[in-house]
Amino acid sequence: VYMNKKKILVFTGAGISVESGVETFRTDENGLWYNHKIEDVATPDGWRRDKERVLNFYNQRRSQLKDVQPNLAHKILADLENDYDVTVVTQNVDDLHERGGSTNVIHLHGELKKVRSTLNPNFIYDWDGDVNLGDKCEKGSQLRPHVVWFGEMLDETLVSKAKDAAKEADACIVVGTSMLVYPANEIPFYTKEETPIYYVDPGDFDFGLPTFRKIFYTHYKETASLGLEKVKNDLKNKL
């Protein structure tokens, strides 16, 4: 019965989409992302200064999505649903988790394939093509990308859903994130003290777990798909 399935919290960042050909948000030393300054395309100020530039930037990201496919890592996570009750909490704005087959995905930083009203953040629409100046919500205000920009708050409802999933998790898998973006990076720490945490990322990052939790922590310094294969095998023995 579904009730008896062990619960897994998966927390993902840009690194899981790399094998699909999506560039990570870990910008180069000039603070550029896809050759744009972050403050120009991913802040409320940038939006106020030049709406058209911001819309074009996200239009390009959205159209790129049509050319990329979910990779093995996304599919492994989707396959876990055969045996476990899986919640994917992602910082990514792409739809590769959904297309890979995951059915329970929380997007903390918004979604490229949605837009929302600049007036009322609760007016959210599915959107596949370009957003242009003059595209308006039903109340007549300009539509903007449904993406959380630097300096904006996360949606509290989604955050508390993610925290609840963490508190109930029997295992936690963190994939392809430097764990540096606050407050999203707090989510895995809401897991119970004895919850095993798997970290899949080629980097040398120190996860910052308290010492007493380190015995429950495993770091696979691998690409997402290689590391997740190992995690999947571990879970069979552990859960």
Side-chain angles (χ1 to χ4, degrees), residues 9-14 16-17 22-25 27 31 33-34 36-66 68 87-100 102-168 177 180-188 190:
L9 171 79
V10 180
F11 183 73
T12 70
I16 195 169
S17 298
V22 178
E23 282 188 44
T24 71
F25 201 89
T27 53
W33 183 40
Y34 289 100
H36 291 267
K37 283 200 176 115
I38 285 178
E39 54 268 28
D40 287 342
V41 292
T43 63
D45 273 351
W47 172 249
R48 275 192 290 273
R49 281 199 302 271
D50 192 341
K51 292 185 173 53
E52 198 158 7
R53 169 159 56 187
V54 175
L55 290 174
N56 287 339
F57 177 78
Y58 288 94
N59 289 342
Q60 285 175 313
R61 306 283 77 72
R62 200 175 301 108
S63 90
Q64 274 177 340
L65 266 191
K66 298 186 170 87
V68 297
T87 304
V88 175
V89 178
T90 186
Q91 304 168 80
N92 299 341
V93 295
D94 62 51
D95 61 346
L96 294 173
H97 279 302
E98 287 87 348
R99 279 160 54 196
S102 289
T103 60
N104 184 14
V105 185
I106 299 171
H107 285 269
L108 289 181
H109 290 163
E111 297 178 63
L112 263 182
K113 293 183 77 174
K114 292 186 174 171
V115 295
R116 69 172 187 255
S117 160
T118 41
L119 186 70
N120 183 338
N122 297 318
F123 291 159
I124 300 168
Y125 310 91
D126 291 322
W127 204 271
D128 230 8
D130 286 355
V131 189
N132 299 303
L133 276 179
D135 288 337
K136 298 198 163 85
C137 76
E138 63 228 53
K139 297 278 197 234
S141 81
Q142 173 65 42
L143 293 173
R144 57 160 277 180
H146 181 49
V147 169
V148 180
W149 289 325
F150 288 95
E152 293 186 322
M153 303 294 286
L154 300 187
D155 178 331
E156 271 311 309
T157 322
L158 296 181
V159 172
S160 66
K161 267 171 75 174
K163 286 178 182 172
D164 288 346
K167 289 171 191 165
E168 292 178 358
T177 167
L180 295 175
V181 179
Y182 176 86
N185 61 2
E186 294 188 314
I187 301 296
Y190 281 88

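By convention here, the first residue in the shown sequence is residue 1.
Partners of Tyr190 according to the ring-ring contact (aromatic ring centres under 6.0 Å, His included) rule, which considers only residues two or more places apart in sequence or in another chain, do not exist here. Take Lys51 and apply the side chain to side chain contact (heavy atoms under 4.5 Å, CB included) test, not counting sequence neighbours, and it matches Trp47, Leu133. Not counting sequence neighbours, His107 has no partner by the ring-ring contact (aromatic ring centres under 6.0 Å, His included) test. Among residues two or more places apart in sequence or in another chain, the ring-ring contact (aromatic ring centres under 6.0 Å, His included) test is passed with Trp127 by none. Considering only residues two or more places apart in sequence or on other chains, Asp40 meets the side-chain hydrogen bond (donor to acceptor under 3.5 Å, both in side chains) condition with Arg49. Residues satisfying the side chain to side chain contact (heavy atoms under 4.5 Å, CB included) test with Ser63, not counting sequence neighbours, are none. The side-chain hydrogen bond (donor to acceptor under 3.5 Å, both in side chains) search around Glu186 returns none, not counting sequence neighbours. The side chain to side chain contact (heavy atoms under 4.5 Å, CB included) test applied to Thr43 returns Glu39, Asp45, Phe150, not counting sequence neighbours. Checked against side-chain hydrogen bond (donor to acceptor under 3.5 Å, both in side chains), Gln142 has no partners two or more places apart in sequence or in another chain. Residues that satisfy the salt bridge (charged side-chain N to carboxylate O under 4.0 Å, His left out) test with Lys114, not counting sequence neighbours, are Glu111. With sequence neighbours excluded, no residue forms a side-chain hydrogen bond (donor to acceptor under 3.5 Å, both in side chains) with Ser102.
Two residues are said to be in side-chain contact when any heavy atoms from C-beta on lie closer than 4.5 Å; Val131 and Asn59 meet this criterion. Put simply, the side chain of Val22 reaches to within 4.5 Å of the side chain of Leu96, judged on heavy atoms. Looking at heavy atoms from C-beta onward, Thr177 lies out of side-chain contact with Thr12 at the 4.5 angstrom threshold.
Between Ser141 and Thr118, the closest heavy-atom pair is OG-OG1, 3.5 Å. The two residues Pro188 and Asn185 have their closest heavy-atom pair at CD-O, 3.6 Å.
Counting only distance, with no hydrogens or angles, the side chain of Glu152 and the backbone of Trp149 share a donor-acceptor pair below 3.5 Å. In terms of modelled atom types and a separation under 3.5 Å, the side chain of Arg116 and the main chain of Tyr125 share no donor-acceptor contact.
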Chi angles and distances behind the side-chain contact (heavy atoms from CB on, under 4.5 Å) call for His146, Tyr58: CA-CA 10 Å; His146 181 49; Tyr58 288 94; over 6 Å; no

Intermediate values then yes/no, side-chain contact (heavy atoms from CB on, under 4.5 Å), Ile187 and Leu9: CA-CA 10 Å; Ile187 301 296; Leu9 171 79; 4.2 Å; yes

Chi angles and distances behind the side-chain contact (heavy atoms from CB on, under 4.5 Å) call for Ile106, Thr87: CA-CA 8 Å; Ile106 299 171; Thr87 304; 3.9 Å; yes

Steps toward side-chain contact (heavy atoms from CB on, under 4.5 Å) verdict (Asp95, Leu112): CA-CA 8 Å; Asp95 61 346; Leu112 263 182; over 6 Å; no

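Residue pairs satisfying the salt bridge (charged side-chain N to carboxylate O under 4.0 Å, His left out) criterion with at least one member in residues 122-139, sequence neighbours excluded, are listed as follows: Lys113-Asp128.
Between the OG1 atom in Thr103 and the CD atom in Glu98 there is a gap of 10.0 Å [rounded to 0.5 Å]. Once rounded to the nearest 0.5 Å, the distance linking CG of Leu158 with CD of Glu156 reads 9.5 Å.
Cation-pi contact between Arg53 and Phe57: absent, since separation from the ring centre below 6.0 Å together with deviation from the ring axis within 45° is not met.
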